[in-house]
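Beneath this line is the structure, given in C-alpha cells, with notes to follow.
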Amino acid sequence: MSLPHAFGTTINNIPFNEPYLTPHQTRAKHWQNILRKKNKPLVGLAWRGNPDHVNDQRRSAKLDEILGFLSEDFDWVSLEKFPTDEELRPIKKNEPHKTIWG
C-alpha cells in the first residue's frame with residue numbers, strides 16, 4: 001500500500017478514470033427491481049469461504065448457527081454463490097421477522 005504514496009497518487013491523478021467493472025444491464029435491472037421492494041436496510045451475508053482453504057474451519061460458519069444472531073432491523077441477502085439444499089431451507093422458509101434471500 002505504499003506505492004501510491006511513493007508515486008504521489010491522488011484521486012485527481014489516477015490515470016484511468018473509467019469504471020473497470022460494468023454490470024450486465026439486464027441482470028442489474030432484475031436485482032434493482034427486487035431489492036427496491038424492501039423498506040429495511042439490506043445487508044449481504046456470506047457465511048462460507050473456500051472449503052479447500054487450510055484454515056476454512058475458522059473462516060466459515062453454518063448458516064443455521066448464525067440465524068439467531070441476525071437483527072430484525074435489516075433484510076439479509078445471501079451472497080453465497082452455491083448454497084446447499086440444507087442452507088436453502090431456512091432461506092425459502094423466509095421467517096416473517098427475518099428475510100434472507102438468495
Side-chain angles (χ1 to χ4, degrees):
M1 294 304 297
S2 60
L3 285 178
H5 177 70
F7 289 121
T9 303
T10 68
I11 194 70
N12 298 321
N13 67 3
I14 294 174
F16 189 70
N17 60 4
E18 295 293 321
Y20 63 94
L21 296 175
T22 306
H24 186 279
Q25 290 302 310
T26 305
R27 291 179 186 161
K29 188 68 136 177
H30 168 79
W31 283 105
Q32 285 172 353
N33 290 335
I34 290 173
L35 297 176
R36 268 194 207 126
K37 295 177 184 175
K38 298 298 176 184
N39 295 325
K40 297 178 185 179
L42 293 171
V43 178
L45 179 65
W47 55 90
R48 275 189 282 117
N50 180 348
D52 295 329
H53 188 279
V54 58
N55 203 21
D56 186 58
Q57 66 188 13
R58 299 186 74 181
R59 301 173 54 207
S60 297
K62 293 186 179 196
L63 178 60
D64 60 347
E65 293 174 347
I66 61 175
L67 285 176
F69 296 102
L70 303 182
S71 170
E72 297 173 18
D73 297 332
F74 302 95
D75 280 330
W76 299 88
V77 179
S78 168
L79 300 178
E80 288 299 334
K81 191 169 183 177
F82 301 110
T84 65
D85 289 340
E86 181 180 328
E87 292 168 335
L88 288 174
R89 274 189 220 105
I91 292 173
K92 289 179 180 177
K93 183 178 174 187
N94 200 10
E95 299 176 29
H97 61 287
K98 289 187 184 134
T99 303
I100 302 178
W101 10 298

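By convention here, the first residue in the shown sequence is residue 1.
- How far OG1 of Thr84 is from NZ of Lys62: 10.0 Å, rounded to the nearest 0.5 Å.
- Residue Asp85 places its CG atom among 12 or fewer non-hydrogen atoms of other residues, nucleotides or ligands, all under 6.0 Å distant.
- Between Glu87 and Arg48 a salt bridge is recorded (basic side-chain N to carboxylate O distance below 4.0 Å).
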Should Leu70 and Val43 be marked as a side chain to side chain contact (heavy atoms under 4.5 Å, CB included) after you check the CA-CA gap, both sets of side-chain angles, and the distance that decides it? CA-CA 10 Å; Leu70 303 182; Val43 178; over 6 Å; no
Kindly indicate, with the supporting measurements, whether the criterion side chain to side chain contact (heavy atoms under 4.5 Å, CB included) is fulfilled by Trp47 and Glu80. CA-CA 7 Å; Trp47 55 90; Glu80 288 299 334; 3.3 Å; yes
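- With values rounded to the nearest 0.5 angstrom, Leu63 atom CG is found 11.5 Å from Trp76 atom CH2.
- Counting heavy-atom neighbours within 6.0 Å of Glu86 CD, excluding the residue itself, gives a total of 12 or less.
- When all heavy atoms of Pro41 and Asp73 are compared, the pair lying nearest together is CD-O, 3.6 Å.
- What you find for Asp56 and Gly49 is that their closest heavy atoms are OD1-C, 3.6 Å.
- Smallest separation of non-hydrogen atoms from Pro23 and Ala28: CB-CB, 4.2 Å.
- Separation of atoms CG (Asn55) and NE2 (His53) is listed at 6.0 Å; rounding is to 0.5 Å.
- His24 contributes atom NE2, which lies 12.0 Å from atom NE2 of His30 (distance to the nearest 0.5 angstrom).
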Go through the steps for Leu45 and Val77 under the test side chain to side chain contact (heavy atoms under 4.5 Å, CB included), then give the verdict. CA-CA 6 Å; Leu45 179 65; Val77 179; over 6 Å; no
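- The minimum heavy-atom distance between Leu79 and Ala46, with the atom names listed, is CB-CB, 4.2 Å.
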